[in-house]
*Asks:* 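Submitted below is the structure of interest, expressed as C-alpha cells.
Computation of the quantities below employed the complete heavy-atom set of this structure, encompassing side-chain atoms and omitting hydrogens, waters and symmetry-equivalent molecules. Bear in mind that the values here come from a model prediction, so they are computed numbers and not experimental data.
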Amino acid sequence: MTGEGRRRLALQRMRWETQRMAPGEKVWRYRNTFAQGYLITRGPTPMKPREDWHTLQFGPWVVQCDSLLERQMTAEGNLGVLVLGQAFDDAGARGRDRIAAKLLRVLTGAVGHDDAVSAIALARSREALEEVISWLSGRYLVLISRGDTLDVYGDPIATRICYWHIGNGRVALASHSALLADLAGGLDVSRMRWVLRHPDYKSPAGKWLPGLITPHDGVGQLYANCRLEISATNEVTHRRFFPRADRVEQSEAEVFEVFREELRRQVRNWISVAPLTVLGLTAGGDSRAILEAGLVDLQRADAMAVTYHPFHMATKSTYEDYSAANRLAAAAGMRHLVLDVKPMSPDSQMASLYGTTFPTWQRYSALVSTMYGALPARAVTLFGVGGAIITGMIIDRSVKKLSAGLLARKYAHSKFADDPELHTEFERWMDFTEFTPARLRGYDFYDYFHWEHRMSKWGAVGYSEYDLATIPGPVLSSRRLLLAALSLPWEVRQAGDLYRSIRYENALAD
C-alpha cells in the first residue's frame with residue numbers, strides 16, 4: 001500500500017472511531033427522557049412515558065420500557081419471569097441471554113404446574129429461586145409472576161432502582177419516582193424538602209435522602225438484599241432474603257483468590273455488553289483494582305479510560321488524581337479522555353432533559369450534563385461505586401449496639417443526626433428492611449448499613465442519572481465479590497490488602 005493509501009485508511013478509521021465515540025447529545029439529541037426506564041402497572045394505563053417505549057404483557061401486568069433497556073421474558077402456564085437490565089450467572093457473557101429461561105426452569109421445578117398458589121409451593125419456589133438470584137451479578141430487576149402475585153428482586157447493590165406506589169387501589173412500579181407521580185396526577189415532596197432544607201444538615205460531599213424518604217411522598221423503594229411481594233389484592237410487603245448463611249471468616253489466601261477471579265469475571269461480563277468499553281479511572285483504589293484485575297481483557301477490548309473533575313474548582317487533589325490516572329492509562333496502553341465537569345446551564349436543553357426526568361432534586365446534574373456532551377453514548381462505562389463496602393467506609397465502629405440514633409449519626413455527620421424525627425425515620429427503615437443483628441447473621445451491621453442504605457439511596461440515584469448518557473456498568477455488583485471481602489477481618493480490608501493482592505499477583509506474573 002502506498003503512503004497515500006495508508007493515510008486515507010487512517011482517516012477512514014478515525015472517522016469511524018469518531019462516530020463510535022459520539023456522545024449522547026449527538027446520538028439522542030436531548031430526547032431520551034427517563035432513559036433505560038420502565039413503568040409497570042396492573043392492567044393497562046393511558047399514560048405513556050415516551051412514544052418509542054415498548055409495551056409487554058406480563059401476566060396481568062403491563063410493562064412499558066425504554067427500547068434500549070435490555071429485557072428477557074418467558075412464561076409457562078401462569079408462571080412467568082421478566083428480567084430487565086443486565087444479569088450474569090456463572091456462565092458469564094455466554095449465558096447472559098438465558099437468565100430468564102434458567103429462572104423459569106427453577107420456578108417450574110419447585111412448584112410444578114398445579115400447585116403454584118399453595119403456601120408450601122410458594123415457599124419452596126421462593127427458596128429455590130433466591131438461591132439462584134442471590135448469586136446473579138450485574139444491574140437488573142427480576143420479576144417473578146405467579147398468577148396474580150408478583151415478587152420483585154433487585155441486583156446486589158440496588159443499582160437498578162425500583163420505586164412503587166399504590167394509587168386507586170392498584171400498585172405501579174417504576175424506574176423513576178417522577179413516573180409514579182405523573183401516573184398519580186401529582187405527589188407531594190414535603191418529606192424530601194424536610195431533609196434537603198434542614199438547617200442542620202451540612203454535607204460537603206452532597207446531600208442524599210435517608211431511610212424510607214424518596215423524591216416523592218407516598219413512593220416506596222426496593223432496598224438491596226430484599227424483595228417486594230405484591231399480592232393479588234395489591235398489598236405490598238418488603239422482605240429480607242439475604243444473607244442466606246451465617247458469616248464464616250476465611251483465610252486471606254482463600255479470599256484473595258476468589259476476589260481476584262470474581263473481579264476479572266465481572267470486567268469480562270461488562271465488556272460483553274457494548275461494542276465500546278470505557279473505564280472510569282481515578283487515583284483511587286477501586287478503579288485501579290478494576291484496571292489491574294481486568295487489564296488483559298480491557299486491552300483486548302481496546303477500552304479507553306475517562307477521568308472527570310470540576311477543574312473550575314481545582315484543588316491539589318484534583319490535579320493529583322488526574323495526573324495519576326493519566327499515568328495509569330498511559331502505562332496500561334489505554335486512550336485517556338478527560339472531562340471537565342462544569343455546572344449545567346439552567347436554560348440549556350440538558351437542563352430540560354434532566355429536569356423532566358428528575359424534577360424534584362438534583363444530585364449529579366453537572367456530571368451527567370458533562371457526560372452527555374462528551375462520553376461515548378453507545379459504550380458501557382465501568383464504575384467502581386460500592387468499593388467502600390469492600391474496604392470498610394465506616395471507620396469508627398466502637399459502638400457495638402445497633403440503634404436508630406447510631407445509624408442517624410453515620411448518615412449525617414452534622415447536627416441533623418440529633419433530630420428525633422430522623423431517628424424515627426431510621427427506626428422505620430430498620431423495621432421495613434428487617435435490619436436486625438439476627439437477620440444479618442453475624443455480619444457487621446456497619447458494613448450492611450453502608451451496603452444496603454447508602455448504595456440503595458446515594459449510589460442508585462447516580463446510576464439512574466448516568467443512564468441518560470451511557471450504559472453504566474457497576475463492576476462491584478456481585479455478592480460473591482462482596483461476601484469474599486466481608487469474610488475477612490475489617491482491619492485487613494481497611495488496610496487495602498485485597499486490592500494490593502491483585503497488584504502483587506500481577507508483579508509475580510511479570
*Asks:* Of all heavy-atom pairs between T282 and S287, which one has the smallest distance, and what is that distance?
*Replies:* N-OG, 3.1 Å

*Asks:* Any Lys/Arg nitrogen of E261 or R265 sitting under 4.0 Å from an Asp/Glu carboxylate oxygen of the other?
*Replies:*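 Not counted as a salt bridge, because no side-chain N and carboxylate O are separated by less than 4.0 Å.
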
*Asks:* Just verifying a value: how many Å separate L486 CG and E249 CD, rounded to the nearest 0.5 Å?
*Replies:*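 Rounded to the nearest 0.5 Å, the CG-CD separation comes out at 11.5 Å.
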
*Asks:* With a 4.0 Å cut-off on N to O distance, would you call E421 and R191 a salt bridge?
*Replies:* yes

*Asks:* Salt bridge or not between R480 and E262? Use side-chain N to carboxylate O under 4.0 Å.
*Replies:* no

*Asks:* Applying ring-ring contact (aromatic ring centres under 6.0 Å, His included), run through Y140 and Y153 and close with a yes or a no.
*Replies:* CA-CA 8 Å; Y140 59 80; Y153 299 85; 9.3 Å; no

*Asks:* Any Lys/Arg nitrogen of R240 or E452 sitting under 4.0 Å from an Asp/Glu carboxylate oxygen of the other?
*Replies:* yes

*Asks:* Hey, does the side chain of S487 reach the backbone of V248 with a donor-acceptor pair shorter than 3.5 angstrom?
*Replies:*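 Not confirmed, S487 side chain does not pair with V248 backbone.
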
*Asks:* Nearest 0.5 Å, please: how far is CZ in R479 from CD1 in I157?
*Replies:*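 Between I157 CD1 and R479 CZ, I get 10.0 Å after rounding to 0.5 Å.
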
*Asks:* Hey, what's the ring geometry for W429 with H453, parallel, tilted or perpendicular (30° and 60° as the breaks)?
*Replies:* perpendicular

*Asks:* Quick one: closest heavy-atom pair of A469 and V368, and the distance?
*Replies:* CB-O, 4.4 Å

*Asks:* Of all the heavy-atom pairs spanning A404 and E427, show the shortest one and how long it is.
*Replies:* CB-CG, 3.4 Å

*Asks:* If you apply the rule ring-ring contact (aromatic ring centres under 6.0 Å, His included), what do you find for Y411 with Y201, and how did you get there?
*Replies:* CA-CA 10 Å; Y411 159 75; Y201 188 10; 5.6 Å; yes

*Asks:* Looking only at heavy atoms, which two atoms of P156 and N225 are closest? And how far apart?
*Replies:* O-OD1, 4.1 Å

*Asks:* Should the pair F449 and F435 be assigned to parallel (<30°), tilted (30 to 60°) or perpendicular (>60°) ring geometry?
*Replies:*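 F449 and F435: perpendicular rings.
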
*Asks:* Does the distance from a Lys or Arg side-chain N to an Asp or Glu carboxylate O, for R500 and D497, drop under 4.0 Å?
*Replies:* yes

*Asks:* Between A485 and L498, which heavy-atom pair has the shortest distance, and what is it?
*Replies:*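 Of all heavy-atom pairs spanning A485 and L498, the closest is CB-CD1, 3.5 Å.
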
*Asks:* For a quick test of your reading: what N or O donor-acceptor pairs under 3.5 Å do the side chains of residues 92-103 make, sequence neighbours left out?
*Replies:*
residue	atom	partner	partner atom	Å
R96	NH1	E70	OE1	2.5
R96	NH1	E70	OE2	2.8
R98	NH1	R94	O	3.1
R98	NH2	R94	O	3.2
K102	NZ	D89	OD2	3.2

*Asks:* Does R441 have any salt bridge (Lys or Arg N to Asp or Glu O under 4.0 Å) partners at least two apart in sequence or in another chain, and if so, which?
*Replies:* D246

*Asks:* Would you say Q266 and S137 are linked by a side-chain donor-acceptor pair, where the criterion is simply a distance under 3.5 Å?
*Replies:* yes

*Asks:* Using the benzene-type ring in the case of Trp, are the ring centres of Y448 and W451 under 6.0 Å apart?
*Replies:* yes

*Asks:* Which heavy atom of A181 sits nearest a heavy atom of L187, and at what distance?
*Replies:* CA-CD1, 3.7 Å

*Asks:* Could you tell me whether D297 and R264 have a side-chain N and a carboxylate O separated by less than 4.0 Å?
*Replies:*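 The answer is no: the pair does not qualify as a salt bridge.
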
*Asks:* Checking the side chain of K202 only, and the main-chain atoms of S414 only, is there a donor and an acceptor separated by less than 3.5 Å?
*Replies:* no

